[in-house]
Amino acid sequence: MEFQVGKAILQLIKGDITDVETDAIVNAANSSLMGGGGVDGAIHRKGGPKILEECKRIRATEWPDGLPTGKAVITSGGNLKAKHVIHTVGPVWLGGFHVEAELLKQAYKNSLRLAVAKGLKTIAFPSISTGAYGYPIEDASGIAVRTVKEFLEKEDKLEKVVFVLFSERDFEIYLETAKSILAR
Ligand code: ADP
């Protein structure tokens, strides 16, 4: 399913983000940047050790105490089809009273900014924070779609943003959200 937003295409697909051939795929990492479960584990498994080596270098230089929630960094894509991986840390859901919404927005926005800063044209996101981190997907999908929409309306350098949903249910929820936010 595709939507036109500004000059760009916003696409929703059901699938595995490690198979996607955008310039960058986004990893829902944890602040250690040392890998983990869910999409993070899948990216490191398929991308190979080069990604982890670069993450270790980032920890040793830029972020010795770990990548703060809402920030983003970039590595190569290792053996993935995507040339780069943008690692961001979404918030853990703590009931909605702990600025989770703002932090989730920052995770999307900082990933998009980094892609533009690196001259990339296409980027794919998983559903950040809605797995192990427990963010309710109905709310998270609204933040994801609105943040991308606002970004694409101001910034014309990206050509395509893809949301890659891992289950049929997640796909349906994102689709309903996108229709209600993007329909003219
Ligand atoms: P978080 O800790 O940010 O919640 P998770 O990886 O646990 O991150 O989950 C985020 C979302 O990514 C979930 O909806 C999960 O189903 C999904 N996911 C897991 N593996 C993949 C994959 N290979 N491709 C795309 N999405 C995935």
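Whatever order the structure lists them in is the order used to number ligands and atoms, beginning at 1.
Considering backbone and side-chain N/O atoms, G134 never comes within less than 3.5 Å of an N/O atom of ligand 1. Residue P126 has no nitrogen or oxygen atom sitting less than 3.5 Å from a nitrogen or oxygen atom of ligand 1, judged on distance alone. When only interatomic distances are considered, the shortest N/O to N/O separation between D16 and ligand 1 falls below 3.5 Å. Residue V164 has no nitrogen or oxygen atom sitting less than 3.5 Å from a nitrogen or oxygen atom of ligand 1, judged on distance alone. For ligand 1, one of its N or O atoms has an N or O atom of Y133 under 3.5 Å away. Polar contact check, T18 against ligand 1: no nitrogen or oxygen pair lies under 3.5 Å apart. Considering backbone and side-chain atoms together, A28 places no N or O closer than 3.5 Å to any N or O of ligand 1.
Between the CD1 atom of I143 and the OG atom of S129 there is a distance of 9.0 Å, given to the nearest 0.5 Å. Note that the CD atom of E172 and the CG atom of L12 stand 10.0 Å from one another [nearest 0.5 Å]. Remark: L152 CG to F3 CZ distance equals 13.0 Å, nearest 0.5 Å.
In summary, the atoms of ligand 1 found under 4.0 Å from a heavy atom of D170, numbered by their order in the structure, are 14 (O).
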Set out, in order, the CA-CA distance, both residues' side-chain angles and the distance that settles side chain to side chain contact (heavy atoms under 4.5 Å, CB included) for K56 and R59, then state yes or no.
CA-CA 5 Å; K56 285 182 178 162; R59 281 294 308 276; 5.6 Å; no

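Of the charged side-chain nitrogens involved, at least one lies within less than 4.0 Å of a carboxylate oxygen, so that K50 and E54 count as a salt-bridged pair. Contact check on E153 versus K149 returns a salt bridge, with a Lys/Arg side-chain nitrogen under 4.0 Å from an Asp/Glu carboxylate oxygen.
Of the residues T75, N27, L33, N79, the one that meets the side chain to side chain contact (heavy atoms under 4.5 Å, CB included) test with I51 is T75.
Within the 4.0 Å heavy-atom cutoff, S127 counts among the residues contacting ligand 1.
With a 4.0 Å heavy-atom cut-off, ligand 1 is reached by no atom of I43.
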